[in-house]
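Shown next, in structure tokens, is the structure this report addresses.
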Amino acid sequence: MVNIIQKAYRFGNNLWSHILCPEECLRCGKECFGMPLCKDCRSALELEALYSASDRCKKCGKILLSEQNLCMSCTNENILKDCDSVFPLCSYRLWKKNLVFEWKINDRRILTEVFAELVYKKLYSLYGNGEIPAIVPVPPHKGKIRRRGWDQIEDLSYCLKRTYGLTILTLLNNYSSQQQKKKNFRSRLSRTNAFRISCTFDRIQKTFRIPKEVILIDDVITTGATVNACSRTLKNAGIAKVNVLSLFIVD
């Protein structure tokens, strides 16, 4: 109980100080309040997220250099073979790395609202007036919530449900005890059995019909091993189509 009160106090104190005290925008250095990104730079982030698809790989979404349609990674290795499509919003570069750091490490949860708006607008642009499929969040590794107190993707999913009315299905559990960022490239690719269908799957199946198509959502795609393993698990459970949407991609 004391630990919960301390976390609530720390969160409230940080929020209050950020509202009262101006800070510099991570991108342009302008004075801003409440979050480390000014209004103009939020618009620039949205512009990249919604309108930069033409010069990206048709499979993984990475920015193409000299290639056409497919990047070299997808041509040679096809790591994302179990994903039907991948839609990263932005490249994980420069000031955007600092933005993720503020969100995940410095607990700037106000950024969840910014990212949720980008995700919803991207999904609306993809599906138009059609129904947006259910969202399946990539689950945190074992012990993350106990150590940090919250999970960014869970927070993002809750915001998408609360603010935009999207359906969230927590169908996956993560049995890995080590963070992906602490693994090398080959160790990441060998991650085949970390994800399993959660105990809520049967309960959801009895209450609702399991959808034929879902949107798997994650924060940053590095090699693609995580989202591909999740996609494979979901397809083995009977879901026909798994599209992936990530906030950022390392390219």
Side-chain angles (χ1 to χ4, degrees), residues 59-61 77-88 104 112 115-116 119-120 122-123 126-127 131-162 164-183 186-247 249:
K59 181 64 178 178
C60 71
E77 296 189 70
N78 195 19
I79 296 168
L80 295 164
K81 59 186 177 181
D82 293 300
C83 306
D84 289 282
S85 57
V86 180
F87 303 104
K104 298 178 68 172
T112 299
F115 294 140
V119 169
Y120 178 74
K122 182 65 174 182
L123 289 174
L126 292 172
Y127 290 92
E131 185 177 351
I132 295 175
I135 305 293
V136 177
V138 171
H141 64 85
K142 193 175 181 179
K144 177 181 179 180
I145 295 179
R146 183 176 66 250
R147 187 176 66 254
R148 294 204 55 80
W150 69 298
D151 173 56
Q152 294 77 36
I153 298 303
E154 181 182 58
D155 206 45
L156 180 65
S157 299
Y158 176 73
C159 186
L160 289 169
K161 178 180 179 179
R162 180 195 65 212
Y164 301 101
L166 299 187
T167 300
I168 308 298
L169 299 179
T170 54
L171 300 181
L172 295 168
N173 279 334
N174 186 348
Y175 287 87
S176 174
S177 58
Q178 187 178 21
Q179 300 178 58
Q180 281 287 83
K181 67 181 181 181
K182 294 183 179 180
K183 298 180 180 179
R186 288 298 161 191
S187 296
R188 288 171 182 255
L189 296 185
S190 64
R191 191 182 197 188
T192 57
N193 298 317
F195 299 98
R196 300 176 193 170
I197 291 298
S198 71
C199 60
T200 62
F201 188 90
D202 291 334
R203 194 159 61 245
I204 292 172
Q205 197 169 27
K206 292 175 182 177
T207 309
F208 309 98
R209 186 171 60 184
I210 294 299
K212 294 181 178 179
E213 179 181 356
V214 297
I215 303 290
L216 183 68
I217 191 167
D218 202 3
D219 51 3
V220 181
I221 292 178
T222 304
T223 63
T226 295
V227 292
N228 193 68
C230 288
S231 297
R232 186 187 310 119
T233 301
L234 291 171
K235 286 188 171 182
N236 288 341
I239 294 173
K241 188 174 184 179
V242 180
N243 296 320
V244 178
L245 191 147
S246 71
L247 299 178
I249 188 168

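Scope of the values below: all heavy atoms of this structure, side chains included, with no hydrogens, waters or symmetry mates. Predicted model, so just to flag it, every value in this text is computed and none were measured.
Taking CH2 from Trp150 and CG from Asp155, the interatomic distance works out to 5.0 Å, rounded to the nearest 0.5 Å. Once rounded to the nearest 0.5 Å, the distance linking OG1 of Thr170 with CD of Glu154 reads 8.5 Å. Between atom CG of residue Leu156 and atom CD1 of residue Ile217 there is a gap of 4.5 Å, rounded to the nearest 0.5 Å. For the atom pair OG (Ser198) and CG (Asn174), the distance works out to 12.0 Å, reported to the nearest 0.5 Å. Taking CG from Asp151 and NE2 from His141, the interatomic distance works out to 8.5 Å, rounded to the nearest 0.5 Å. We find the CD1-NZ distance between Ile239 and Lys212 to be 12.5 Å, quoted to the nearest 0.5 Å.
Judged as a side chain to side chain contact (heavy atoms under 4.5 Å, CB included), and not counting sequence neighbours, the contacts of Asp82 are Asn228, Ser231, Arg232. For Lys104, the side chain to side chain donor-acceptor pair (under 3.5 Å) test picks out Asp219, with sequence neighbours left out. The ring pair (Phe, Tyr, Trp, His ring centres under 6.0 Å) check on Tyr158 picks up nothing, with sequence neighbours excluded. Residues passing the side chain to side chain contact (heavy atoms under 4.5 Å, CB included) test with Ser246, sequence neighbours excluded: Pro88, Ile221. Scored by the side chain to side chain contact (heavy atoms under 4.5 Å, CB included) test, Asn243 finds Asp84, Ser85, Phe87, Tyr127, Glu213, Ile215, Lys241 as partners (sequence neighbours excluded).
At least one side-chain heavy atom of Leu169 sits less than 4.5 Å from a side-chain heavy atom of Pro211. Contact annotation: the side chain of Leu160 never approaches that of Leu123 to less than 4.5 Å [non-hydrogen atoms, C-beta and beyond]. By the 4.5 Å heavy-atom criterion applied to side chains, Leu172 and Val138 are not counted as neighbours. Considering only heavy atoms from C-beta on, Leu234 comes within 4.5 Å of Val214 through its side chain.
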*asked:* Run the side chain to side chain contact (heavy atoms under 4.5 Å, CB included) test on Ile153 and Asp218 for me, step by step, so that the C-alpha distance in whole Å, both residues' side-chain angles and the decisive distance to 0.1 Å come before the verdict.
replied: CA-CA 6 Å; Ile153 298 303; Asp218 202 3; 4.0 Å; yes

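Remark: the backbone N or O of Ile135 is not paired with any side-chain donor or acceptor of Ser157 at under 3.5 angstrom. Without hydrogens or angle criteria, Lys235 side chain to Val242 main chain gives no donor-acceptor distance under 3.5 Å.
Ile79 and Gly224 make their closest contact through CG2-C, 4.1 Å (heavy atoms, listed as atom of the first residue, atom of the second, distance). Residues Phe195 and Ala229 come closest through the heavy atom pair CD1-CB, 3.8 Å. Of all the heavy atoms in Cys60 and Ile249, the pair that sits closest is O-CD1, 3.3 Å.
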